[in-house]
Structures are given as C-alpha cells and as structure tokens.
Protein chains: 2
Amino acid sequence: MVTPGGARPKLSRELIVTKARAIADASGLDALTLRELAHALGTGQASLYRHIADRRELLGLLVDDVALEFPTADPGLAPRERLLKVWLDLHAFLSAHEWVAKVIAEGEYISRNAAPFAQRQLDSLTGAGLGTEDAMRAYRTLYNLLLGFLLNKHPMGHHLEAVPPSTEDEEFRWAVSRFLDCLLPGEPPQGQ
Amino acid sequence: MVTPGGARPKLSRELIVTKARAIADASGLDALTLRELAHALGTGQASLYRHIADRRELLGLLVDDVALEFPTADPGLAPRERLLKVWLDLHAFLSAHEWVAKVIAEGEYISRNAAPFAQRQLDSLTGAGLGTEDAMRAYRTLYNLLLGFLLNKHPMGHHLEAVPPSTEDEEFRWAVSRFLDCLLPGEPPQGQ
DNA sequence: ACCTGAACACCGTTCAAGT
DNA sequence: ACCTGAACACCGTTCAAGT
C-alpha cells in the first residue's frame with residue numbers, strides 16, 4: 001500500500017530495482033538515468049549509492065530480476081517440441097523487454113538467476129540424446145542465436161530483401177527449427 | 001606524407017573516419033569521444049561537425065568503412081566449405097574489431113558497403129541448392145548467430161561449464177558447421 | 001549515524017565570436 | 001565565408017555539509 005501524502009516507504013535495493021525496471025520497460029535503457037530513477041523514487045541521486053555500487057551493478061541486478069521470469073518447459077511435450085517452445089517463449093519474452101539484450105551485450109554480467117534456466121535446457125538437450133559437450137555447445141548456440149536476433153534489427157544488406165516480409169518471430173522460429181532438426185538424433189521432423 | 005611541424009592536412013571525412021577507427025581499434029568504443037578524436041586530429045570539437053552530422057553518423061561511417069574489408073569466398077571450394085570458411089573468416093575479422101558488433105547492436109545502421117558481401121553469401125547459398133527464401137533466412141540466421149557470438153562474452157549460466165574449455169572460435173565453428181550440415185541438401189558431411 | 005544538495009569531471013552538441 | 005573556443009545541457013559519481 002502506497003502511503004499517499006505522508007512518509008515514503010524506506011528506500012531499498014528491491015524498490016530501486018522495481019522502479020528501474022518500470023522505467024526501462026516504459027522508456028528504454030537510455031531513459032534510465034540515475035537522476036530520473038532518483039526523481040521517480042522521490043529521493044536524491046546520492047541516496048541510490050547507499051544501496052547500489054554503481055550503474056553497472058544496477059543493470060546487473062535488473063537482468064537478474066528479469067531472469068526469474070524466464071519460461072519453463074512443458075514436460076508433456078516431446079524433446080524437440082519442448083525445446084522449440086521454450087526458446088520461442090524466451091524470444092517473445094525478451095522481445096517485450098528489449099533493454100535486456102542490450103545490457104547483456106554491453107556488459108559482462110553473470111546472471112545467477114539464469115542458471116536454473118540454463119540447467120533445464122541442458123537437461124532437455126541431453127534428454128534428447130546429446131552428449132554433455134554437445135548439449136553445452138547447443139545451448140550456447142541457441143542462446144547466441146537468440147541474442148543476435150534480439151539485437152540485430154536491421155540485418156546488414158537488408159535492402160536486398162525482395163522476399164515476402166517475414167516477421168522476426170517467424171525467422172527466429174525457422175532458425176531454431178532448422179538447428180534442432182539437424183542437432184537431435186533420430187526422430188525426423190515428419191512435417192508439421 | 002605528414003607535414004611534421006607546419007600546416008596540417010585539411011580536415012576531411014576520410015581523415016576523421018581513419019583516425020576514429022584507429023582510436024576504436026586501439027582503445028575501444030568508449031574511448032572514442034569527439035573530444036579525443038578532435039584532439040588526436042589537432043583540431044577543435046566543433047570543427048568535426050562541419051564534416052559529420054553527429055556521433056551516430058560517425059559510427060555508421062566507421063561500420064561502412066570496415067565493411068569494405070569483409071572477406072570474399074574462395075571460388076575453388078565446394079559450397080559447404082566455401083560458406084564455412086567465409087563465415088569463420090568474418091568471425092575472426094570482427095573479433096579483432098570488437099567495437100563493430102557493439103555499434104551494430106546499439107544503432108540501427110544500414111551498411112551500404114556490406115551489401116556485396118550479403119549478395120555473395122546469398123549466391124553461395126542458392127548455388128548450394130537453397131531456394132531464394134531459404135537462402136535469405138539462412139543468411140540472416142548466420143549473420144545473427146555471428147553477432148550473438150561476438151557480443152556475448154559471458155553466456156548466461158556460464159558458471160555451469162564443467163566441460164573442457166573450448167574457445168569461442170571453436171564454438172562458432174561448431175555452430176556454423178552444424179547449421180550448414182542440416183541446411184544444405186544432399187552432400188553429407190562425410191567426416192573431416 | 002545516516003542521508004543528500006551541490007559540486008565535480010566528464011559527455012555530445014551548439015553558438016557567438018573570431019579570422 | 002569558414003573555423004572554433006567557450007558555453008550549454010546533460011551524464012555518473014563524490015563529498016562536505018546537514019539532520
């Protein structure tokens with residue numbers, strides 16, 4: 001419950017992260033300045049530094065917060081469909097928060113909260129018949145493929161495109177499908 | 001020939017781009033400020049604006065300049081090997097200029113000079129048996145895959161890696177190889 | 001002891017004054 | 001007419017002064 005006119009809730013890391021996410025989602029990464037953030041929280045810029053080390057750390061906290069909402073796979077699906085769905089879900093989710101990919105690209109963050117997601121995908125991949133090393137490589141490939149699609153809004157040479165306009169979403173689905181087709185042993189695609 | 005003590009060569013777009021690339025290559029994108037650039041050119045900041053519209057345009061010019069050096073394929077190779085080699089070459093080239101991927105990721109640039117490269121890759125892909133639409137999708141996939149590998153230095157969940165340390169180079173080779181294997185019709189990999 | 005307004009050292013960009 | 005030092009409006013970060 002927000003106290004309307006009286007005392008503000010005490011400033012905290014959580015409060016900062018929540019407000020910062022709201023600003024980034026609404027207005028983009030560039031609009032997320034420490035001045036704007038402090039103002040939106042009704043405090044001074046210097047006060048933020050009692051809870052975060054610097055902007056870099058704040059961005060890391062934001063990514064970590066978003067990572068909590070990464071999709072989980074439907075265990076009822078077959079391996080290939082389960083993998084496909086989860087990566088399409090993640091693509092859709094991160095497309096709705098485009099600042100996340102930018103933060104990952106510009107910094108060197110290690111998101112603790114993304115580890116369970118990674119582990120689940122590795123399990124899916126080994127469960128589909130891959131060795132541990134191939135599973136790791138496949139995971140990194142899928143992740144880097146996703147990052148590339150999220151960041152590259154104007155693929156170079158785009159002005160060559162005479163082809164029917166397919167959405168980024170369709171293109172990502174095509175790419176992941178093709179990759180899974182060749183990656184997973186046995187189990188041919190059999191039209192769908 | 002640089003005139004040592006006397007008159008400087010007249011400022012030009014070319015001179016600005018050359019010096020800017022040198023700074024970015026040597027010290028990274030953050031070090032490429034208009035102040036530093038002007039200083040390195042022995043002129044004032046305001047003078048730069050007589051040749052470029054703003055920093056954004058400068059970065060676009062830089063990418064365009066780099067694109068002139070994108071690799072060309074060896075026509076003597078078979079389609080699959082030709083494609084593999086050219087994308088590994090491009091990966092190696094852009095790894096040596098890491099600021100390029102960052103510029104592409106943060107801006108929305110359309111590099112005119114990258115168009116011939118794109119066209120050659122499309123030709124290789126159709127030459128390998130793909131339809132025009134699939135060739136376009138394959139090109140975008142390869143390009144986005146490359147961008148993801150260049151930008152993502154710490155793939156999320158990296159602290160899971162118990163697997164033998166493979167270099168980014170090897171991982172990219174693995175990813176492209178696998179993708180080409182499933183993409184190109186006929187012509188099985190047949191061990192190598 | 002805890003908080004924070006005001007300052008500091010940057011940045012990209014503009015403008016008015018110099019030649 | 002062309003060039004550019006100095007200023008402007010920002011930014012992240014720090015510090016000294018307030019409670």
Side-chain angles (χ1 to χ4, degrees), chain A residues 3 5-64 99 102-109, chain B residues 3 5-64 99 102-109:
Chain A
T3 56
R8 286 192 313 274
K10 215 175 56 183
L11 199 59
S12 69
R13 240 165 125 100
E14 275 186 17
L15 217 67
I16 291 175
V17 168
T18 302
K19 182 65 82 179
R21 262 192 73 169
I23 294 173
D25 280 335
S27 316
L29 202 55
D30 289 343
L32 177 58
T33 67
L34 295 186
R35 271 172 170 75
E36 173 57 30
L37 179 56
H39 179 77
L41 288 164
T43 185
Q45 302 169 235
S47 308
L48 298 175
Y49 285 86
R50 312 210 95 262
H51 300 88
I52 57 166
D54 50 23
R55 186 171 199 267
R56 192 186 146 74
E57 185 185 84
L58 174 63
L59 295 181
L61 291 173
L62 288 187
V63 172
D64 236 29
W99 54 271
K102 286 190 183 179
V103 171
I104 292 173
E106 77 190 22
E108 334 251 295
Y109 299 105
Chain B
T3 56
R8 284 191 313 275
K10 216 174 58 182
L11 201 59
S12 70
R13 240 167 126 99
E14 275 187 16
L15 218 66
I16 290 175
V17 168
T18 302
K19 182 64 82 180
R21 261 192 74 172
I23 294 173
D25 280 335
S27 316
L29 202 54
D30 290 342
L32 178 57
T33 68
L34 295 186
R35 272 172 171 75
E36 173 57 30
L37 178 56
H39 179 75
L41 288 164
T43 183
Q45 300 169 235
S47 307
L48 298 175
Y49 285 85
R50 310 210 98 260
H51 299 89
I52 57 165
D54 50 22
R55 185 171 201 266
R56 192 187 145 76
E57 186 184 84
L58 174 62
L59 295 181
L61 292 173
L62 287 188
V63 172
D64 236 29
W99 55 270
K102 286 189 181 179
V103 171
I104 292 173
E106 77 190 24
E108 334 251 297
Y109 299 104

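The sequence lines fix the lettering, A, B, ..., with proteins before strands; numbering per chain opens at 1.
- Distance CG (Leu34(B)) to C1' (dT14(C)): 13 Å, rounded to an integer number of Å.
- From Gln45(B), atom CD reaches atom CD of Glu36(B) across 11.0 Å, with rounding to the nearest 0.5 Å.
- Checked against dT13(D), dT13(C), dT4(C), the side chain of Ala46(A) finds its nearest nucleotide in dT4(C).
- For Tyr49(A), the side-chain atoms get nearest to dT14(D) when compared with the rest of dC3(C), dG12(C), dT14(D).
- Side-chain proximity of Ser47(A) to the nucleotides dT14(D), dC3(C), dT13(D) is greatest for dC3(C).
- Atom CZ in Arg55(A) sits about 8 Å away from atom P in dT13(D), given to the nearest Å.
- Taken to the nearest 0.5 Å, the NE2 atom of His51(B) stands 12.0 Å off from the CD atom of Glu57(B).
- Judged by Watson-Crick or G-U wobble contacts below 3.5 Å, the nucleotide dG5(D) has dC15(C) as its partner.
- Distance noted for atom P between dC8(C) and dA7(D): 16 Å (whole Å).
- Remark on DNA chain C: of its neighbouring residues Arg35(A) and His51(A), the 5'-side contact belongs to His51(A), judged by nearest-heavy-atom nucleotide.
- Under 4.0 angstrom from either OP1 or OP2 of dT4(D) there lies at least one side-chain N or O belonging to Thr43(B).
- Across Ile52(A), Ile23(A), Thr43(A), a single residue satisfies side-chain contact (heavy atoms from CB on, under 4.5 Å) together with Leu37(A), and that is Ile23(A).
- Contact of Gln45(A) with dT13(D) (side chain to base): a donor-acceptor pair of N or O atoms is detected under 3.5 Å.
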Apply side-chain contact (heavy atoms from CB on, under 4.5 Å) to Arg50(A) and Leu11(A), showing your working. CA-CA 9 Å; Arg50(A) 312 210 95 262; Leu11(A) 199 59; over 6 Å; no

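- Taking atom CG of residue Leu58(A) and atom C1' of nucleotide dG12(D), one finds them 12 Å apart after rounding to whole Å.
- The CG atom of Leu29(B) sits 10 Å away from the P atom of dG12(C) (whole-angstrom rounding).
- The line from CH2 of Trp99(A) to CG of Leu59(A) is 8.0 Å long, rounded to the nearest 0.5 Å.
- For the pair Thr33(A) and dC11(D), the criterion of a side-chain N or O lying under 4.0 Å from OP1 or OP2 is met.
- Nucleotide dC10(C) has no partner under the Watson-Crick or G-U criteria, as no pair reaches both atom distances under 3.5 Å.
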